[in-house]
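Encoded as structure tokens, the structure appears first; notes follow it.
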Amino acid sequence: MGFSRQLRGIVEDAYLRAAQAEGWPGDVPDFAVERPKDTKMGDYATNIALQLARPLRRAPREIAERIAREVHAGEDFAAAEVAGAGFLNFRLTQAFHPRVLRALQDDSQGYLSSDIGRGERILLEFVSANPTGPLNVVSARAAAIGDTLGRLLRLTGHDVFTEYYVNDAGSQVENLALSILVRMQLPDGPREIPEDGYHGEYVTDLAKRFLSQAPASFSGMPREQQLSLLKAWAMAEMGRMRLATLEAYGVHFDNFFSEAAFRAGSGVDELLATFARRGILEGKEPGRRVVERAQHEEATPLLEDRDGARWLRTDLLGDDKDRVLVRSDGNYTYFLPDIGYHHGKYQRGYTRVIDLLGPDHHGYVARMRAAMEALGHAPESFQVLIVQWVRFLRGGVPQNMSKRAGETVTIDELLSDVGRDAARYFFLMRSHDTPLDFDLQLAQEESSENPVYYVQYAHARIASIRRQAGGEASTGGLSSAGADFSLLTAPEEVEILRRLGQLPEEIEEAAKALEPHRIPRMATELAQAFHSFYNKNRVLGVDPPLSAARLALAVAVGSALRELLTLLGVDAPDRM
RNA sequence: GCGCCCGUAGCUCAGCUGGAUAGAGUGCUUGACUACGAAUCAAGAGGUCGCAGGUUCGAAUCCUGCCGGGCGCGCCA
């Protein structure tokens, strides 16, 4: 159990005892437990007395004093101090030090993991970029965030399945095939790339590659047959390229979900039938219910035919307006199969559906959530993280990223110019909600200043110490197994231990908030604490018991850093 | 016009379910290697938290309005 939760219990108990004695309300008020930035204010603080000031009509400090008297400090906490306007500050004792260090030594992953996600099955979809071109750097941010978010949720006990939706059923694939055919320059072939076609160099490459392995009969085939062959081949080829890029970038998907395959399996008509059976009951209570119309005649039908088209009444479910599912020409809009895909996620057994989308799709959130509600899924179980754009610059000049014109910077280029570790760390440091600038030229020139190397350097330093300790360990005395951790009293040592001790709950909080960008900060701050310690204190060659204790500390930091870097999909090198 | 996101140090960004003196990296100034890796450490300068109101013991954080930037608002995908 994290210290915050433990402390919360201590504070609640203390309040209840004080309340009993003073005749205060028996309900524990809302209060916050936080980690003050300044350790002079203790390791943890609570504002409970400030929250009580108004209802109790008494001075916050007075209330704080009263509660403080009832605090029976636990093994991990010393007694409370009243400070400032009426805060209760708590200081950690050293009781947890051996626990933390041993846990990190025995099972560092287990130390950081938790089971707060127990019972939740999450379908996490991200990237899902059009399959008609190489993955470009616009997707790099979402790929890193989604991948690390998946790892974070797994570490905290969620059952996570990551998925990439391959939009391979649209007319864009048709255009790609046609563009490739043009680039083949067959005698009877088309000469002009269509208006919505693709001009990138990779199209020419694809054409050459296809020709080198195409059956001799290809050029004599009817156009339609050529295109259908090309489409299938191009999708497979793009899939292979995509997989190779993602692997180099350290991003793993459990599944690539083909829209074309999904459409072939229908399900869409069934969906329409379900919508047709249902209606919306607008109750007097705030809120509404989706019901079977057979049981509720007064319910407003979910589907409405208007102007020859068939609409879903999403406006009654939180959207701005209704949305067309079936056009007046009888064709489905893209929205319908998309609903089917998301509905399918729930049918596959997932209880929570998380999508990472670009800001150009934020308008889509309300309507999809409405559709999910119409199908009986709890609207809040469908969560969307909008990953804001990265504006890519080169020497201060914004870069165009048109896929059709072939002006994109690919992830492959990013990897060869900047490197996986620096690129991932850069994206993962920032909140997904912040638009940010990324200068490719600066990143190249200054990649050695990326904070990722600061963290990796700490890890490599520790590995180096271990190598040297290994030599000394043969003479005995430096095994950290029986080390006396009470010798770790220097401020730098205490600071490291405090950070290590708080790590699990910080990980939990990051997972709950779906904010992987907190992880790089944890890593940087831990590395900083270690570098600072290292420059002031020697690990090896001091009094053997102290040396053993410090070695254990260093090993623990190394393990923790490795776990954090692993979450980020970044290497934890032993040498650099 | 309506909706969503953003505006914090020269630059890139944290901090936002209200909390104590607003932080980090980078850049700038100064200092530290004859013992474990100087890709490091220590110290300093650098701010009307876009602007104006409001809520309250307390606002970068919540509310309203305005300014600036991005994106969206199709029987397109």
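Chain identifiers are assigned alphabetically (A, B, ...) following the order of the sequence lines, protein sequences preceding nucleic acid strands; residue numbering begins at 1 within each chain.
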Considering only residues two or more places apart or on different chains, which pairs with a residue in residues 514-537 of chain A satisfy salt bridge (Lys or Arg N to Asp or Glu O under 4.0 Å)? E492(A)-K536(A), R499(A)-E525(A), E515(A)-R518(A)
When you look at D355(A) and H361(A), which way does the side chain to side chain donor-acceptor pair (under 3.5 Å) test go after all the steps? CA-CA 11 Å; D355(A) 285 4; H361(A) 284 90; over 6 Å; no
Anything under 3.5 Å between a donor and an acceptor, one on a side chain of residues 79-91 of chain A, the other on a protein residue two or more places apart or in another chain? List them.
from: N89(A); atom 1: ND2; to: M41(A); atom 2: O; distance (Å): 3.1
from: R91(A); atom 1: NH1; to: T39(A); atom 2: O; distance (Å): 3.2
from: R91(A); atom 1: NH2; to: K40(A); atom 2: O; distance (Å): 3.2

Between Q502(A) and Y44(A), does the side chain to side chain contact (heavy atoms under 4.5 Å, CB included) criterion hold? Intermediate values first, please. CA-CA 10 Å; Q502(A) 291 175 169; Y44(A) 287 85; 3.2 Å; yes
N/O to N/O distances under 3.5 Å, protein versus nucleotides 22-31 of chain B:
from: G27(B); atom 1: OP1; to: E449(A); atom 2: OE2; distance (Å): 3.4

Shorter than 3.5 Å, N or O on both sides, protein versus nucleotides 34-37 of chain B: list them out with atom names.
from: A35(B); atom 1: N3; to: R538(A); atom 2: NE; distance (Å): 3.3
from: C36(B); atom 1: O4'; to: R538(A); atom 2: NH2; distance (Å): 3.2
from: C36(B); atom 1: O3'; to: Q468(A); atom 2: NE2; distance (Å): 2.7
from: C36(B); atom 1: O2'; to: Q468(A); atom 2: NE2; distance (Å): 3.1
from: C36(B); atom 1: O2; to: V539(A); atom 2: N; distance (Å): 3.4
from: C36(B); atom 1: O2; to: L540(A); atom 2: N; distance (Å): 3.0
from: C36(B); atom 1: N3; to: V539(A); atom 2: N; distance (Å): 2.9
from: C36(B); atom 1: N4; to: Y534(A); atom 2: O; distance (Å): 2.9
from: C36(B); atom 1: N4; to: N537(A); atom 2: O; distance (Å): 2.4
from: G37(B); atom 1: OP1; to: S464(A); atom 2: OG; distance (Å): 2.5
from: G37(B); atom 1: OP1; to: Q468(A); atom 2: NE2; distance (Å): 3.4
from: G37(B); atom 1: OP2; to: S464(A); atom 2: OG; distance (Å): 3.3
from: G37(B); atom 1: OP2; to: Q468(A); atom 2: NE2; distance (Å): 3.2
from: G37(B); atom 1: O2'; to: Y457(A); atom 2: OH; distance (Å): 2.4
from: G37(B); atom 1: O2'; to: R461(A); atom 2: NE; distance (Å): 2.8
from: G37(B); atom 1: O6; to: M576(A); atom 2: N; distance (Å): 3.2
from: G37(B); atom 1: N1; to: M576(A); atom 2: O; distance (Å): 3.2

Base, sugar-phosphate alone, or nothing: which one does N175(A) contact when heavy atoms must sit under 4.0 Å apart? nothing
So what does A554(A) hit on the nucleic acid, given a heavy-atom distance under 4.0 Å: a base, only sugar-phosphate, or nothing? nothing
Side chain of A45(A) only, heavy atoms from C-beta on: which candidate in A20(B), C41(B), C13(B) is closest? A20(B)
Which residues pass the side chain to side chain contact (heavy atoms under 4.5 Å, CB included) test with K512(A), sequence neighbours left out? I116(A), E508(A)
Restricting to pairs with a member in residues 382-399 of chain A, which pass salt bridge (Lys or Arg N to Asp or Glu O under 4.0 Å), not counting sequence neighbours? R391(A)-D437(A)
Every stem of 3 or more Watson-Crick or G-U pairs under 3.5 Å that RNA chain B joins, in order of first number, is B:1-7 with B:67-73, B:10-13 with B:23-26, B:28-32 with B:40-44, B:50-54 with B:62-66
Rounded interatomic separation in angstrom, taking CZ from R61(A) and C1' from A20(B): 12 Å
Compute the centroid of each ring, for F530(A) and then for F533(A), and state whether the two points are separated by less than 6.0 Å. yes
Salt bridge (Lys or Arg N to Asp or Glu O under 4.0 Å): which pairs involve residues 324-342 of chain A, sequence neighbours left out? R327(A)-D329(A)
Using side-chain heavy atoms (C-beta onward) and a distance below 4.5 Å, is F485(A) in contact with L497(A)? no
Check: residues 417-426 of chain A side-chain donor-acceptor pairs under 3.5 Å, at least two apart:
from: R420(A); atom 1: NH2; to: D571(A); atom 2: OD1; distance (Å): 3.4
from: R420(A); atom 1: NH2; to: D571(A); atom 2: OD2; distance (Å): 3.4
from: D421(A); atom 1: OD1; to: D571(A); atom 2: N; distance (Å): 3.4
from: D421(A); atom 1: OD2; to: Q456(A); atom 2: NE2; distance (Å): 2.9
from: R424(A); atom 1: NE; to: L568(A); atom 2: O; distance (Å): 2.8
from: R424(A); atom 1: NH1; to: D147(A); atom 2: OD2; distance (Å): 3.3
from: R424(A); atom 1: NH1; to: Y249(A); atom 2: O; distance (Å): 3.0
from: R424(A); atom 1: NH1; to: G250(A); atom 2: O; distance (Å): 2.9
from: R424(A); atom 1: NH2; to: D147(A); atom 2: OD2; distance (Å): 2.7
from: R424(A); atom 1: NH2; to: T148(A); atom 2: OG1; distance (Å): 3.2
from: R424(A); atom 1: NH2; to: L568(A); atom 2: O; distance (Å): 3.1
from: Y425(A); atom 1: OH; to: P520(A); atom 2: O; distance (Å): 3.0
from: Y425(A); atom 1: OH; to: T524(A); atom 2: OG1; distance (Å): 2.8

Between R5(A) and E505(A), does any NZ, NE, NH1 or NH2 come within less than 4.0 Å of an OD or OE carboxylate oxygen? no
Please enumerate all residues that pass side chain to side chain contact (heavy atoms under 4.5 Å, CB included) together with A32(A), with sequence neighbours excluded. N47(A)
Just how far, in rounded Å, is C1' of C5(B) from CG of L357(A)? 14 Å
So salt bridge (Lys or Arg N to Asp or Glu O under 4.0 Å) across residues 537-552 of chain A, not counting sequence neighbours, yields E493(A)-R550(A)
Counting the atoms with a prime plus P, OP1 and OP2 as sugar-phosphate, which does L50(A) contact under 4.0 Å by heavy atoms, base, sugar-phosphate, or nothing? base
Scoring nucleotides 70-77 of chain B by protein non-hydrogen atoms under 4.0 Å (B base, S sugar-phosphate only, - none) yields SBSSSBSB
